[in-house]
Chemist: 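I am attaching a structure below and will ask some questions about it afterwards.
Residue numbers start at 1 and run along the sequence shown. When a ligand or atom number is given, it counts from 1 through the structure's own listing order.
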Amino acid sequence: MLRVEVELGKRSYPILIGSGLLEALGAMLRNNLLTETSALVVTDSNVAPLYFEKTETALRRGGFARVAEHVIPCGEDGKSWEEYSRCCDALLRDFPDVGEVPVVVALGGGVVGDLAGFAAGTFRRGVPYVQVPTTLLSAVDSSVGGKTGVNHGNVKNIMGIIYQPRLVVSDLATLDSLSEREFRSGMAEVIKYGAVCDAELFEYLEANLDILLARDAEALREVVAECVKIKANVVQQDETDTAGVRIVLNFGHTIGHALEMAAEGALTHGEAISVGMIAATNLGIALDKCDEDDLLRLDRLLQQTGLPRTARVAEASAAKIMASMRRDKKFQAGRNRFVVPTGIGKWETVEDVPGDLVERVVRACLT
Ligand SMILES: NC(=O)c1ccc[n+]([C@@H]2O[C@H](COP(=O)([O-])OP(=O)(O)OC[C@H]3O[C@@H](n4cnc5c(N)ncnc54)[C@H](O)[C@@H]3O)[C@@H](O)[C@H]2O)c1
Ligand SMILES: [Zn+2]
């Protein structure tokens, strides 16, 4: 088992990474000073039949006397204001007595983690929660750093809070049941870390893509640990995303999020981010921040991973994408802001990019 610390003073917590950790979940909570005896496991309709029973057994074995379950619909629809409200209903119904503090266990991908974390952070102004990521994307990204929330009014992640989990338990054995498409989608975030934060990781991915795509346990463990180390380091410097550091993790996300919403479910988060990274790199080239060679390497790695570099979104949607980007949280006081690579493993933010240039790179990635 590998252990990575997220150092945030009183809000510090460990990330545990290994295979078969779910069986020992209850004991791990105890070892990490969670003394509560009740839990609400929030999970989705795909993950529940696969891993709820195992989770419940492990929690009971660790001394949790009461374990309730709340299942949300799978997919991005689970991350809505309505589902947030349903999750609050479940918390209120199962734990009406303020004397009983439940631990919320987010068992699933990024959708479950974002929703459950938001509910945990707002129920009675905050009860403890634990992230148990079951997708590659959530293992390397969303389970760490405390960003939680839901989509609203067709804007991604517009309602939310930063609320850190008490523990992250990443059981990589759960990735075995992940579909090929979702696994590759998670690889988009892995490639993101290499592309703008760590040239060595990028080279490792170029050299070892085959074994990673074959889900080799050893390679996967190393790569997940490397990614969460990068994320922990970024979050430690800029937990609230206000110091201009955490924004690096949004590489590919400004255009990617807008695309994801415009595609209305046709693209996974990782697929949209893949296209978004190509668009952002094209922006970097146009602004003389990086060169064609960087784009070629990124494009090749994404292609070999089986990720899209262009998206089929109806013509009418180009305007919708531009409009939805203007509502992006990363745009401050009406000025746009993008993360662009300045070479593999390096980055910069650019602001006030002319609208016609943005539109050009967006249109270039639509087919
Ligand atoms: N909070 C953050 O910092 C952060 C960072 C990145 C992404 N996100 C968010 O994360 C979400 C995407 O996360 P995701 O890609 O994990 O999506 P997801 O949670 O929708 O999971 C993808 C699919 O895989 C299924 N699934 C999950 N685990 C499985 C398993 N072990 N076996 C079989 N099927 C399984 C799910 O039911 C779902 O259908 C987006 O909403 C995105 O905005 C948040
Ligand atoms: Zn992402």
Chemist: What I want to check is whether the side chains of Glu189 and His269 have a donor and an acceptor closer together than 3.5 Å.
Modeler: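 Judged by distance alone, the side chains do pair up.
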Chemist: Can you list the protein N, O or S atoms less than 2.8 Å from the Zn ion (ligand 2)?
Modeler: Glu189 OE2, His253 NE2, His269 NE2
Chemist: Testing Val112, Asp77, Val47, Thr43 for side-chain contact (heavy atoms from CB on, under 4.5 Å) with Ile72, which one passes?
Modeler: Val112
Chemist: Distances under 3.5 Å, N/O of ligand 1 against N/O of the protein: list each pair and its distance.
Modeler:
residue	atom	partner	partner atom	Å
ligand 1	1 (N)	Asp114	OD1	2.9
ligand 1	1 (N)	Lys147	O	2.8
ligand 1	3 (O)	Lys231	NZ	3.4
ligand 1	13 (O)	Gly110	N	3.2
ligand 1	16 (O)	Gly110	N	2.8
ligand 1	16 (O)	Thr135	OG1	2.6
ligand 1	19 (O)	Gly110	N	3.1
ligand 1	19 (O)	Val111	N	3.0
ligand 1	28 (N)	Thr134	O	3.3
ligand 1	28 (N)	Thr134	OG1	2.7
ligand 1	31 (N)	Thr134	O	3.0
ligand 1	31 (N)	Thr174	O	2.9
ligand 1	31 (N)	Ser177	OG	3.4
ligand 1	32 (N)	Ser177	O	3.4
ligand 1	32 (N)	Ser177	OG	2.8
ligand 1	37 (O)	Asp44	OD1	3.2
ligand 1	37 (O)	Asp44	OD2	2.7
ligand 1	37 (O)	Asn46	ND2	2.9
ligand 1	39 (O)	Asn46	ND2	3.1
ligand 1	41 (O)	Glu76	OE1	2.9
ligand 1	41 (O)	Glu76	OE2	3.2
ligand 1	41 (O)	Lys79	NZ	2.9
ligand 1	41 (O)	Lys156	NZ	3.2
ligand 1	43 (O)	Lys79	NZ	3.0
ligand 1	43 (O)	Lys156	NZ	2.6

Chemist: Please work out whether the ring planes of Tyr84 and Phe118 are parallel, tilted or perpendicular, with thresholds of 30° and 60°.
Modeler: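 Ring orientation of Tyr84 relative to Phe118: parallel.
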Chemist: Is Lys192 reaching over with its side chain to a backbone N or O of Leu249, donor-acceptor style, under 3.5 angstrom?
Modeler: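 Here the side-chain-to-backbone pair exists.
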Chemist: Mark yes when over 12 heavy atoms from residues, nucleotides or ligands other than Glu100 sit less than 6.0 Å from its CD; otherwise mark no.
Modeler: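 Check passes, neighbour count above 12.
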Chemist: Give me the one residue out of Thr135, Leu137, Val111 that meets side-chain contact (heavy atoms from CB on, under 4.5 Å) with Ser142.
Modeler: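 Among Thr135, Leu137, Val111, the one that satisfies the side-chain contact (heavy atoms from CB on, under 4.5 Å) with Ser142 is Leu137.
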Chemist: Check for me whether the distance between the ring centres of Tyr163 and Tyr129 falls short of 6.0 Å.
Modeler: yes
Chemist: With heavy-atom distances below 4.5 Å as the criterion, would you say the side chains of Tyr193 and Glu226 are in contact?
Modeler: no
Chemist: Is it true that the NZ or CZ of Arg297 lies under 6.0 Å from the centre of Phe202's six-membered ring and within 45 degrees of the ring axis?
Modeler: no
